[in-house]
Amino acid sequence: MRKPLIAGNWKMHKTLDDARELVTGIVDGVGKLGASDGVEVLICTPFTLLFPIAKALANTPVMFGAQNAHEEAQGAFTGEVSVPMLKDTGCTHVIIGHSERRHVFGEKNDRLAKKVRAVVDAGLTVIYCVGETLDEREAGKTREVIESQMGEVIDSDVLADRLVVAYEPVWAIGTGKTASPEQAQEVHGWVRASLASTYDKTTADGVRILYGGSVKPGNAAELLSLPDVDGALVGGACLVASDFIAIISAAAASVPA
Ligand code: PGA
């Protein structure tokens, strides 16, 4: 059984005071739900917040992570942050290959492969993002794009226990448009098939595949009920504690008793 993971991607939002308030709301909400046995909850904050958030989350079930990392451990890379530096904060997860990294910052599969390896080899869990643009979908290329994003980045040396994949159609991120349940399930099935060909079926069946792209309290239950959707990567709705908690609650309700 794959335990659902609800991950919040804060992107470039929140200064310290606002962050503390949001974290308090999330921790209180998770406590009231009592959902931490059935659902894993993660927040991925800006780098500047990692140390204070580590303190705020101590002795709570909420995990924290980063949104990017450089592939090298150290060096002359002005403005970058390495995985060993992230490990110092006590964080457990790093998002790699988010569509904004791919499309705004030009990160390509060959570089993302190095980043994924750096995260996993350091003992952290990677949330590796894949997803097609609207043009690619309309040109009928979705499967091809997803398979190359998977095949060129995830090889069998990447420890599957430390891998989470997030399918985020680029056209659904921050737009209010969501993939239909059929579209989401179809792509999640392709991701799982790609994992099965890289590893084997049993290993592929153990890897969580999150859906992301305008996940909200109102659509979370339907998406999370799909057989190959094992959680959500949430952007906008994770910045409001009550919305994020409602999504966690939907995930808890999706777990068979
Ligand atoms: P969104 O963002 O929920 O605001 O669409 C999701 C993401 O970019 O991870």
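Residue indices begin at 1 and follow the sequence shown. Indexing begins at 1, ligand by ligand and atom by atom, following the structure's order. Given the structure is predicted, the values throughout are model-derived calculations rather than measurements.
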> In terms of atom number and element, which parts of ligand 1 are under 4.0 angstrom from non-hydrogen atoms of S214?
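Matching atoms, with element in brackets: 1 (P), 3 (O), 5 (O).
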> Find all atoms of ligand 1 within a distance of less than 4.0 Å from any non-hydrogen atom belonging to K11, and give their numbers and elements.
2 (O), 7 (C), 8 (O)
> So is K216 close enough to ligand 1, meaning a heavy atom under 4.0 angstrom away?
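False for this residue.
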> Would one find an N or O of G174, backbone or side chain, under 3.5 Å from an N or O of ligand 1?
yes
> Using the side-chain contact (heavy atoms from CB on, under 4.5 Å) rule, pick out the option among M150, R208, Q149, H188 that qualifies with V165.
M150
> What residue and heavy atom of the protein are closest to atom 9 (O) of ligand 1, and at what distance?
E168 OE2, 2.7 Å
> Which heavy-atom pair separates I154 from L195 by the least distance, and what is that distance?
CG2-CD2, 4.5 Å
> If you define the side chain from C-beta out and look only at heavy atoms, does anything of T45 sit under 4.5 Å from K14?
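No; the side chains remain at least 4.5 Å from each other.
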> Looking at ligand 1, would G213 count as a contact under a 4.0 Å heavy-atom criterion?
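G213: in contact with ligand 1 (<4.0 Å).
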> Does ligand 1 come near enough to T175 that some N or O of the ligand is less than 3.5 Å from an N or O of the residue?
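No, there is no polar N/O contact under 3.5 Å.
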> Checking side-chain contact (heavy atoms from CB on, under 4.5 Å) against N9, which of I95, V234, I173 comes through?
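Single side-chain contact (heavy atoms from CB on, under 4.5 Å) partner of N9 among I95, V234, I173: I95.
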> Any idea which protein heavy atom is nearest atom 3 (O) of ligand 1, and the distance to it?
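The answer is G235 N, 2.9 Å.
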> Are S82 and E72 side-chain neighbours, meaning at least one heavy-atom pair lies under 4.5 Å?
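No, every pair of side-chain atoms sits at 4.5 Å or beyond.
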> I'd like to check K216 versus T178 (side-chain heavy atoms, cut-off strictly below 4.5 Å). Are they in contact?
no
> Does ligand 1 have an atom that lies less than 4.0 angstrom from a heavy atom of A237?
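Outside the 4.0 Å threshold, so no.
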> With only distance considered, is E100 within less than 3.5 Å of ligand 1 through an N or O on each side?
no
> Does the pair E132/K141 count as a salt bridge with the N-to-O cut at 4.0 Å?
no
> Below 4.0 Å, non-hydrogen atoms only: which portion of N9 touches ligand 1? Side chain, backbone, both or neither.
side chain
> Can you tell me the protein heavy atom closest to atom 4 (O) of ligand 1 and the distance?
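For atom 4 (O) of ligand 1, the nearest protein heavy atom comes out as G236 N, 2.8 Å.
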> Heavy-atom distance under 4.5 Å between the side chains of K11 and H98, does that happen here?
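Yes - at least one pair of side-chain heavy atoms lies under 4.5 Å apart.
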> Would you kindly confirm whether V41 and V27 end up in one hydrophobic cluster when ILVMFWY residues are joined by side chain heavy atoms under 4.5 Å apart?
yes
> Which of the numbered atoms in ligand 1 are under 4.0 angstrom from any heavy atom belonging to H98?
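Checking each atom against H98, I get 7 (C), 8 (O), 9 (O).
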> Measure C238 to ligand 1 on non-hydrogen atoms and call it side chain, backbone, both or neither using the 4.0 Å cut-off.
neither
> Considering only NZ, NE, NH1 and NH2 on the basic side and carboxylate oxygens on the acidic side, decide whether K201 and D205 come within less than 4.0 Å.
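Counted as a salt bridge, because a side-chain N and a carboxylate O are separated by less than 4.0 Å.
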> What atoms of ligand 1 come within less than 4.0 Å of a heavy atom belonging to A172?
5 (O)
> Decide whether the shortest distance between a heavy atom of A166 and an atom of ligand 1 is less than 4.0 Å.
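Distance cut 4.0 Å: A166 fails for ligand 1.
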